[in-house]
Amino acid sequence: MPALVLLGAQWGDEGKGKATDLLGGSVDYVVRYQGGNNAGHTVVVGDQKYALHLLPSGILSPECTPVIGNGVVVDPSVLLSELSGLNERGVDTSKLLISGNAHIITPYNVTVDKVTERFLGKRKIGTTGRGIGPTYADKINRVGIRVQDLYDESILTQKVEAALDVKNQILTKLYNRRAIAIDQVVEELLGYAAQIERYVADTVLVLNKALDDDKVVLFEGGQGTLLDIDHGTYPFVTSSNPTAGGACTGAGVGPTRISRVIGILKAYTTRVGSGPFPTELFDDDGDALRRIGGERGVTTGRDRRCGWFDAVIARYATRVNGLTDFFLTKLDVLTGWEQIPVCVAYEIDGKRVEELPYSQTDFHHAKPVYEMLPGWSEDISKAKTFADLPKNAQDYVKALEEMSGAPISAIGVGPGRDETIEINSFI
């Protein structure tokens, strides 16, 4: 049962797309199991750069079947636009499968997301405004629209009516917006039905049969561990579970099927949106990390907040995900620093704390305790083996591995598909 989970071990944007694409040639299925088009993966193939928002990264590997699982929320207009863009660039997207149980992001979900965030003002969460949270809220409130509902006009109309009964009251009476017409929403959603019908499948059945047949299935998280709705820096989180447990519920496979859990770690730390970030830098070093690392959100276009590596959250990610391996990305970005600080613990109210605080208040007030590691100046982008790295770069990797609690099995030394050092095979 070669089933692997690959997920972000920080706040997202760690380079999951590259890691998934690297495995793509050895994998039969790549499955997105949560999130929506609020996630973004950049994959570089040769001189071509691909920005994926909703589609699994495996769609760039011809041998692989990409799957959008039941735990994902799907904006049909974004899906079709992304498929069209890839087709125009010669990428075959015909093997894509979409769960009929995945929920649809409706136009009113996007509207509610945007007006709510504006209404919150300085208390805003920092959402992408793409309707992700309201769609998951509808799912939990049992008024959501699923992909399969597009093929029954009567059921679709009833569900849209039920959802808008409340939402139109909120929009008109609280936000002073116009009510949304039920007929317009139904007509728009029905317009997508024929366009995506060929992709819709019982993906739970497909994936479990694939595992029965010893196919290699990779489950790809959309965001990072610290953005998990249950285990992240709540309330500054996403609305789903990108942690390893989410792969089971978001794809419909049992936990005994999972054989390996790979965490993606950036060699420093970034996050997008609001919320606590102990190692965040507001100086020239932060600007340099942002510039050299190209730290701009693939989906949002927002500059990412940058800071030094945080071993405390890496250990936390290892624990809550049961990580078996790490893929360390963007090591090349750190070239040129004489010394590189690494956060090994926090100081909270004068006390040293080496594990992630349980209390939101404590984490908000956590100050990083740094250990200085010697840097390197040599270009490492051409390194093919661990031994090719300068000694200080090797020592940096070994230190991060020891602090984080799981072996580092691959290292990214550049953005390209071939700019990766593989220490241990993931499959």
Side-chain angles (χ1 to χ4, degrees), residues 31-38 54-56 66-83 93 96-116 130-173 177-209 222 229 239-241 246 248-253:
V31 187
R32 271 287 304 275
Y33 60 83
Q34 53 76 219
N37 57 299
N38 57 339
L54 179 60
L55 294 170
V67 179
I68 294 177
N70 57 273
V72 178
V73 290
V74 179
D75 186 322
S77 64
V78 172
L79 173 68
L80 291 169
S81 175
E82 200 164 328
L83 287 170
T93 61
L96 174 68
L97 299 178
I98 304 171
S99 171
N101 288 338
H103 278 246
I104 293 286
I105 299 174
T106 66
Y108 53 80
N109 291 136
V110 177
T111 298
V112 168
D113 196 2
K114 290 178 178 178
V115 298
T116 301
R130 286 164 168 77
I132 311 296
T135 303
Y136 277 114
D138 280 0
K139 178 178 180 177
I140 298 303
N141 288 325
R142 290 159 290 186
V143 293
I145 311 296
R146 298 193 292 180
V147 170
Q148 61 175 281
D149 297 330
L150 302 182
Y151 305 97
D152 189 321
E153 184 173 352
S154 175
I155 287 178
L156 177 63
T157 302
Q158 291 175 44
K159 289 190 171 185
V160 172
E161 287 177 345
L164 285 179
D165 276 349
V166 175
K167 286 182 175 59
N168 274 336
Q169 294 290 320
I170 295 172
L171 288 170
T172 58
K173 296 181 178 179
R177 299 287 294 251
R178 276 186 284 183
I180 296 173
I182 295 169
D183 292 346
Q184 286 183 346
V185 173
V186 172
E187 181 181 359
E188 179 177 337
L189 293 178
L190 287 174
Y192 297 123
Q195 298 180 73
I196 66 172
E197 186 172 13
R198 65 188 176 119
Y199 303 115
V200 180
D202 182 351
T203 57
V204 172
L205 181 61
V206 169
L207 293 172
N208 278 280
K209 281 189 172 182
I229 186 69
S239 301
S240 56
N241 294 108
C248 297
T249 54
V253 299

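When reading the values below, keep in mind they use all heavy atoms of this one structure, side chains included, and skip hydrogens, waters and symmetry mates.
Residues S239 and G133 approach most closely at OG-CA, 3.2 Å, considering heavy atoms. Contact detail for S99 and G69: the closest heavy-atom pair is CB-C, 3.7 Å. When every heavy atom of G36 is checked against every heavy atom of I132, the shortest pair comes out as CA-CD1, 4.0 Å. Nearest heavy atom pair, residue N70 against residue T249, reads ND2-O, 2.9 Å. When every heavy atom of Y108 is checked against every heavy atom of A163, the shortest pair comes out as OH-CB, 3.4 Å. Taking each heavy atom of V72 and Y33 in turn, the nearest pair found is CG2-C, 3.8 Å.
The shortest distance between side-chain heavy atoms of V67 and V206 does not fall below 4.5 Å. Two residues are said to be in side-chain contact when any heavy atoms from C-beta on lie closer than 4.5 Å; I170 and V112 fail this criterion. Residues T135 and D75 form no side-chain contact, since every pair of their non-hydrogen atoms from C-beta on lies 4.5 Å or further apart. Considering only heavy atoms from C-beta on, V115 comes within 4.5 Å of R177 through its side chain. By the 4.5 Å heavy-atom criterion applied to side chains, L55 and L79 are counted as neighbours. The closest side-chain heavy-atom distance from I105 to V78 is not below 4.5 Å.
Distance check, rounded to the nearest 0.5 Å: CG of D138 to OG1 of T106 gives 6.5 Å. Here the straight-line distance linking atom CD of E153 with atom CD of Q158 works out to 11.0 Å at 0.5 Å rounding. Once rounded to the nearest 0.5 Å, the distance linking CD of E161 with CG of D183 reads 8.5 Å.
The backbone N or O of G252 sits less than 3.5 Å from a side-chain atom of N208, completing a donor-acceptor pair. At least one donor-acceptor pair under 3.5 Å links the side chain of R32 to the backbone N or O of Q34.
Of the candidates L207, I68, L97, V31 forms a side-chain contact (heavy atoms from CB on, under 4.5 Å) with just one, namely L207.
Residue-environment remark: CD (Q184) stays at or below the threshold of 12 foreign heavy atoms within 6.0 Å.
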Query raised in the report: Could you go step by step and tell me if D149 and K159 meet the side-chain contact (heavy atoms from CB on, under 4.5 Å) rule?
Result: CA-CA 9 Å; D149 297 330; K159 289 190 171 185; 3.0 Å; yes

Query raised in the report: Could you go step by step and tell me if N109 and V73 meet the side-chain contact (heavy atoms from CB on, under 4.5 Å) rule?
Result: CA-CA 11 Å; N109 291 136; V73 290; over 6 Å; no

Please tabulate, one pair per line, all N/O donor-acceptor pairs under 3.5 Å involving side-chain atoms of residues 139-147, not counting sequence neighbours.
| unit_1 | atom_1 | unit_2 | atom_2 | d |
| --- | --- | --- | --- | --- |
| N141 | ND2 | A137 | O | 3.1 |
| R146 | NH1 | N101 | OD1 | 3.2 |

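V186 meets the side chain to side chain contact (heavy atoms under 4.5 Å, CB included) test with L156, T157, V160, I182, L190; sequence neighbours excluded.
Here side chain to side chain donor-acceptor pair (under 3.5 Å) pairs that include residues 192-203, with residues two or more places apart or in two chains, are E188-Y192.
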